[in-house]
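See structure below.
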Amino acid sequence: MAAMLANGGNPQQASPKRPEQQQLVLQGAAGGPNATPLLTGSAKDNKNSASLIKKEGTSSGKGATSSSTDPDREGSRRTQDPKTLRRLAQNREAARKSRLRKKAYIQQLETSRIRLSQIEQQVQAGRVQGVLLGAGDHHQGLPSAPSFAGMFDVEYGRWVEEHSKLIFQLRALLNDNAPDNQVQVLVGGAMAHHEELLNLKAAIARTDIFHLLCGVWASPAERCFLWLGGFRPTEFIKVMLKQVESLSEGQLLGIYNLQRWVQETEESLNHTMGTLQHSLSDTIASPEAAGGNFMGHMSLALNKISSMEAIVRQADGLRQQTLHKLHGMLTVRQTGCCFVAIADYFHRLRAVSTLWAARPRHDEQGPPAP
């Protein structure tokens, strides 16, 4: 029966067993006393197997741990090697020296940059003051330095050419309705260019004030409107008012107040220059100058001429203030239009001078017809 139950009730599928196995099965089915000891022995075998596996795992883990710590110990022993320590120290020293060389090189570059900037400034100052040697008259095989007046005329011609290019670019931006930031760049360039002209005039005023006041560096038509070595600030404002559009009431009020202040300053400088010219004339025409006190009167006359330089500097300062004040009152585009209008004004004056010089003369055409 036990065999049939074990085979699913099919006596034909019952596998033949030895008598010992059949006896054990029957006793287990009947709940004999030997069944429990059999199962207990099997459990003990399983427990022993598990303990053996655990011991093997533990031993293998210890082996892995010991194997993993071996490279660290070997690395520490290698680090403590005198040759390795010496090599590491040499590497650190080489890196430190490399950083110091890099720092010294950067400082040398910065020093060279500053020196180059100073040299450029000195060269520019030399160009402005006319102290550079040039092609002039030669005496005994030695080159002579050009006159300050000649250097100023050359530099002024260069300034006019560069200013024309700048105004051409500014006009193109205004016609194309370019953004204000682009217009502002050229407006700032125009302001800086006028500052350069003032520096040129200050240099020639210190060396040859008569050349600047006579205006031989300008065209004949420009000389008619020359005022103390330059343009009249009030004329500048008049031209601007005719050309610049879309001025608000506040802008117009500020411009008219500026115009009144500039006109008063011009009259004051005119009065000062007139007084100085009369005093210079009286000093030179004095009867005492023909006697033994000639050099004393000439020295006094030279001092009065030196005072003219101060008046011309004040006139240039008034021109500069007028430009800056207008720039502060107007918008970026209005300021650009203002510079364009002024440049066109002086360009037309130079064109009139050229046309006047090239006009046909009566003596070249013969006598007029009756």
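This chain uses plain numbering: 1 for the first residue, then up along the sequence. The figures here come from the full heavy-atom set of this structure, side chains too, leaving out hydrogens, waters and symmetry mates.
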Inset, instruction - Run the numbers on Phe346 and Ser219 for side-chain contact (heavy atoms from CB on, under 4.5 Å), then give the verdict. - result: CA-CA 10 Å; Phe346 287 106; Ser219 63; over 6 Å; no

Inset, instruction - Could you please spell out the steps behind the side-chain contact (heavy atoms from CB on, under 4.5 Å) verdict for Leu241 and Tyr256? - result: CA-CA 10 Å; Leu241 287 174; Tyr256 286 138; 4.0 Å; yes

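- The shortest heavy-atom contact between Met240 and Leu326 is CE-CD2, 3.7 Å.
- Checking side-chain atoms of Ser286 against main-chain N and O of Asp282 turns up no donor-acceptor pair under 3.5 Å.
- For the atom pair Ile209 CD1 and Ser306 OG, the distance stands at 9.5 Å (nearest 0.5 Å).
- When all heavy atoms of Leu212 and Phe152 are compared, the pair lying nearest together is CD1-CZ, 4.2 Å.
- Listed for the Ser268 side chain is no donor-acceptor partner under 3.5 Å among the backbone atoms of Glu264.
- Put simply, Val244 and Leu252 are part of the same group of oily side chains (I, L, V, M, F, W, Y) that touch within less than 4.5 Å, one to the next.
- Between the side chain of Thr275 and the main chain of His271, a donor-acceptor pair closer than 3.5 Å is present.
- For Gln251 (side chain) and Ser248 (main-chain N/O), a donor-acceptor pair under 3.5 Å exists by modelled atom type.
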Inset, instruction - Begin from the C-alpha positions of Gln259 and Lys238 and carry the test side-chain contact (heavy atoms from CB on, under 4.5 Å) through to its verdict. - result: CA-CA 9 Å; Gln259 186 178 18; Lys238 289 179 181 178; 3.9 Å; yes

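- Using a 4.5 Å heavy-atom threshold, the side chains of Val239 and Asp344 count as separate.
- The heavy-atom pair separating Phe231 from Trp227 by the smallest distance is O-CE3, 4.0 Å.
- Of all non-hydrogen atoms in Arg333 and Asn177, the two that sit nearest each other are NH2-CA, 3.4 Å.
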Legend entry - Worked verdict on Gln243 versus Val340 for side-chain contact (heavy atoms from CB on, under 4.5 Å): CA-CA 9 Å; Gln243 299 295 329; Val340 171; over 6 Å; no

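- Between Gln321 and His324 there is no side-chain heavy-atom pair separated by less than 4.5 Å.
- Here CD1 of Ile255 is found 5.0 Å from CG of Leu330. Values are rounded to the nearest 0.5 Å.
- Heavy atoms only, all atoms of each residue included: Leu226 and Leu213 are closest at CD2-O, 3.8 Å.
- In the hydrophobic clustering of this structure, Val312 groups with Phe210; members are Ile, Leu, Val, Met, Phe, Trp, Tyr whose side-chain heavy atoms approach within less than 4.5 Å, directly or through other members.
- For the pair His327 and Val187, the minimum side-chain heavy-atom distance is below 4.5 Å.
- Side-chain N or O atoms of Lys201 include one that pairs as donor or acceptor with a backbone N or O of Gly229 at under 3.5 Å.
- The pair Glu155-Arg158 meets the salt-bridge criterion, since a charged nitrogen lies less than 4.0 angstrom from a carboxylate oxygen.
- Listed here is the closest heavy atom pair of Val216 and Arg223: O-NH2, 3.7 Å.
- With values rounded to the nearest 0.5 angstrom, Phe236 atom CZ is found 8.0 Å from Thr322 atom OG1.
- Proximity of a side-chain donor or acceptor of Gln334 to a complementary backbone N or O of Ser246 within less than 3.5 Å is detected.
- Rounding to the nearest 0.5 Å gives a distance of 9.0 Å between CD1 of Ile237 and SG of Cys338.
- Crowding of His347 atom NE2: a count of heavy atoms from other residues, nucleotides or ligands under 6.0 Å not exceeding 12.
- The backbone N or O of Asn257 lies less than 3.5 Å from no partner atom in the side chain of Arg260, so there is not a single donor-acceptor pair.
- By the 4.5 Å heavy-atom criterion applied to side chains, Pro233 and Glu266 are counted as neighbours.
- Arg313 is listed as a side-chain neighbour of Glu309, based on a closest heavy-atom distance under 4.5 Å.
- In this structure, the side chains of Arg86 and Lys83 come closer than 4.5 Å at one or more pairs of heavy atoms.
- Criterion: ILVMFWY side-chain heavy atoms under 4.5 Å apart, direct or through other members. Under it, Val352 and Ile342 are not part of a common hydrophobic cluster.
- Residues Tyr345 and Lys242 have side chains not in contact (no heavy-atom distance under 4.5 Å, counting atoms from C-beta outward).
- By the criterion of side-chain heavy atoms lying less than 4.5 angstrom apart, applied directly or through intervening Ile, Leu, Val, Met, Phe, Trp or Tyr residues, Leu198 is not grouped with Leu228; the two fall into different hydrophobic clusters.
- In this structure, His278 NE2 and Leu280 CG are separated by 11.0 Å, a value rounded to the nearest 0.5 Å.
- Put simply, the side chain of Thr283 gets close to the backbone of Ser279: a donor and an acceptor are under 3.5 Å apart.
- Although no hydrogens or angles enter the test, the distance criterion places no donor-acceptor pair under 3.5 Å between the side chain of Ser98 and the main chain of Ala94.
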Legend entry - Intermediate values then yes/no, salt bridge (charged side-chain N to carboxylate O under 4.0 Å, His left out), Arg319 and Asp316: CA-CA 5 Å; Arg319 298 182 186 100; Asp316 286 338; 2.3 Å; yes

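- Residue Ile284 holds its CD1 atom at 6.0 Å from CD1 of Ile305, rounded to the nearest 0.5 Å.
- Residues that satisfy the side-chain contact (heavy atoms from CB on, under 4.5 Å) test with Val160, not counting sequence neighbours, are Tyr156, Ser164, Arg350.
- Between Lys165 and Glu162 there is no salt bridge, since no side-chain N of the basic residue sits under 4.0 Å from a carboxylate O of the acidic one.
- No side-chain heavy atom of Thr331 sits less than 4.5 Å from a side-chain heavy atom of Asp180.
- Hydrophobic clustering of Ile, Leu, Val, Met, Phe, Trp and Tyr side chains at less than 4.5 Å, counting indirect connections, keeps Trp159 apart from Val154.
- Residue-environment remark: CD (Glu93) exceeds the threshold of 12 foreign heavy atoms within 6.0 Å.
- Judged by distance alone, the side chain of Asp208 and the main-chain N or O of Ile204 form no donor-acceptor pair under 3.5 Å.
- Relative orientation of the His163 and His193 rings is parallel, given thresholds of 30° and 60° on the angle between their planes.
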